[in-house]
Amino acid sequence: MKTILVTGGSGLVGQGIKAVEHKYPTCKFIYVSSKDYDLSSMKDTQKMFETFQPTHVIHLAACVGGLFKNMNNKVEMLEKNLLINYNVVKCCHESDVQKLVACLSTCIFPDKTTYPINETMLHNGPPHDSNDAYAYAKRMLEIQCKAYRENFGSDFQCVIPTNIYGPHDNYHLEDAHVIPALIHKCYNAKSENVPFVMRGTGKPLRQFIYSEDLAELIIWTMEHNTEPTIILSVPEKDEVSIEYVARLIARSFNYHHNLRFDTSFSDGQFKKTADNSLLASKINYKFTPIEKGINMAVEWFINNYEIARK
Ligand SMILES: NC(=O)c1ccc[n+]([C@@H]2O[C@H](COP(=O)([O-])OP(=O)(O)OC[C@H]3O[C@@H](n4cnc5c(N)ncnc54)[C@H](OP(=O)(O)O)[C@@H]3O)[C@@H](O)[C@H]2O)c1
């Protein structure tokens, strides 16, 4: 039986793994959050490995946030993430963990690049200035895993998800990613019977993956993948505009008649298209259509409003 330790177990992706773990009866999953161990402390991290003696590790824990949090907390985004990643990877090595799957993000790719981005392009130029602290800390995680592979033959791999959404997200109105922030905004607008106002034109394009789909793909990576680094994303053809997503959210709330766009706000990057052909060459995965995923995410938020992170 594999003992799989999931760091960041209380978060969006960690809870996605919890929701699908019953499909993997030969694995025992252990979930930890910052309330159990502060992984920016080496002492805490060592204690966690001694306690659980994992054979496998899925490393999700990170200081994560949207544009605003990334721009205003650069020291924390850099230092906390560097420390967390350094400690977890080193302890995986010292505890003879058989396999580590560590989580990166498509938002750490070079700012100036051609599209679609693929696994070979991660270090080809500086990231966008707005999230450089987070991005460089994450890029170092990839370098650290590569170094362990090369020096010690460790089976330490990285996965690169695109934008994720689903139950248990962070719904903070300023710090959150676009889908949870829009869900919370639409909830408030409907409660107060005021327009649901979206910042920007809604024209930018994104690939969104449902958290439980990503969870299954991360476990597939743990069990079957041999690539050192792999993008986990819906295909390019499933890229949608933010406007389309806002309309789906408004429709889920039955509030689509009252959606407005405030174009005085800037749009951010127009697109960040990722190429999932490496993944598609290895597994024929049926992704949850975004229309269904948004309905499930909205329903979860409504039913769990009191406990949702916001
Ligand atoms: N969300 C996205 O759209 C997205 C996109 C691409 C990649 N990713 C990556 O996917 C991974 C999971 O993201 P997520 O969205 O699930 O994040 P999340 O919901 O914000 O959860 C973050 C997790 O990390 C834990 N954590 C934070 N600081 C910690 C510390 N010092 N010590 C121990 N644990 C700590 C949190 O614990 P507490 O709950 O106790 O704070 C929580 O369990 C991250 O590596 C992220 O970079 C996310």
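Note that ligands are numbered from 1 as they come in the structure, with each ligand's atoms numbered from 1 the same way.
- Residue, atom and distance of the protein heavy atom nearest to atom 32 (N) of ligand 1 are L39 N, 2.9 Å.
- By the 4.0 Å heavy-atom criterion, L104 is counted among the residues contacting ligand 1.
- Residue I179 comes nearest to I249 through the heavy atom pair O-CD1, 4.0 Å, listed as atom of the first residue, atom of the second, then distance.
- Of all protein heavy atoms, the one lying nearest to atom 25 (C) of ligand 1 is G8 CA, 3.9 Å.
- A cation-pi geometry, defined here as NZ or CZ lying under 6.0 Å from the six-membered ring centre and within 45° of its normal, holds between R139 and Y136.
- In this structure, D38 is part of the shell of residues with a heavy atom less than 4.0 angstrom from ligand 1.
- Ring centroids of Y210 and Y165 are separated by less than 6.0 Å, placing the two rings close together.
- A salt bridge links K203 to E243: at least one charged side-chain nitrogen sits closer than 4.0 Å to a carboxylate oxygen.
- Distance from atom 11 (C) of ligand 1 to its nearest protein heavy atom, with residue and atom name: L60 O, 3.3 Å.
- The local environment of OH in Y148 is crowded, with over 12 non-hydrogen atoms from other residues, nucleotides or ligands closer than 6.0 Å.
- For atom 22 (C) of ligand 1, the nearest non-hydrogen atom of the protein is A62 O, 3.8 Å.
- Here the closest heavy-atom approach between residue M121 and residue T113 is recorded as CE-OG1, 3.3 Å.
- Within the listing of ligand 1, atoms 43 (O) sit less than 4.0 angstrom from a heavy atom of G9.
- Rounding to the nearest 0.5 angstrom, the gap separating the CG atom in L232 from the SG atom in C103 is 8.0 Å.
- Note on ligand 1: K138 sits in its first shell, one or more heavy atoms being nearer than 4.0 Å.
- The shell of residues lying under 4.0 angstrom from ligand 1, judged by heavy atoms, excludes Y165.
- Closest to atom 17 (O) of ligand 1, if we only count protein heavy atoms, is V64 CG2, 3.8 Å.
- With S40, S10, G11, P161 as candidates, the residue nearest to atom 36 (C) of ligand 1 on a non-hydrogen basis is S10.
- Between E291 and R251, no side-chain nitrogen of the basic residue sits less than 4.0 Å from a carboxylate oxygen of the acidic one, so the salt-bridge criterion is not met.
- Tested against K2 for a side chain to side chain donor-acceptor pair (under 3.5 Å), the candidates H56, E223, Q98 yield a single pass: E223.
- Of the candidates V178, I164, D44, I164 brings a heavy atom nearest to atom 8 (N) of ligand 1.
- Scanning the protein heavy atoms around atom 18 (P) of ligand 1, the nearest turns out to be R309 NH1, 3.7 Å.
- Taking 4.5 Å as the limit, every side-chain heavy atom of V197 sits out of range of all side-chain heavy atoms of K185.
- Proximity of K35 to ligand 1, defined as any heavy-atom pair under 4.0 Å, is shared by backbone and side chain alike.
- No single ILVMFWY cluster, assembled from side-chain heavy atoms under 4.5 Å apart, contains both V101 and I160.
- Given atom 10 (O) of ligand 1, the protein heavy atom at minimum distance is C103 SG, 3.3 Å.
- Between Y305 and Y187, the two ring planes are parallel [angle under 30°; tilted spans 30° to 60°].
- Under 4.0 angstrom from ligand 1, there are no non-hydrogen atoms of T7.
- A salt bridge links K74 with D132: the closest approach of a Lys/Arg side-chain nitrogen to an acidic carboxylate oxygen falls below 4.0 angstrom.
- Which parts of ligand 1 touch T162 is read off a 4.0 Å heavy-atom cut-off, strictly below it: atoms 5 (C), 6 (C).
- Looking at atom 35 (C) of ligand 1, its nearest protein heavy atom turns out to be S34 CB, 3.6 Å.
- Scanning I108, V6, V32, V13 for the heavy atom closest to atom 16 (O) of ligand 1 points to V13.
- Considering both main-chain and side-chain atoms, C63 never comes within under 3.5 Å of ligand 1 through any nitrogen or oxygen pair.
- Considering only non-hydrogen atoms, atom 26 (N) of ligand 1 lies nearest to A61 out of G166, S105, A102, A61.
- Of all the atoms in ligand 1, the ones that sit under 4.0 Å from a non-hydrogen atom of H177 are 1 (N), 2 (C), 3 (O).
- Side-chain heavy atoms closer than 4.5 Å link hydrophobic residues (I, L, V, M, F, W, Y) into clusters, and following such links, possibly through other members, connects L60 to I209.
- For ligand 1, the atoms lying closer than 4.0 Å to a non-hydrogen atom of Y134 are 46 (C), 47 (O).
- Each of the atoms 32 (N), 33 (C) of ligand 1 lies under 4.0 Å from some heavy atom of Y37.
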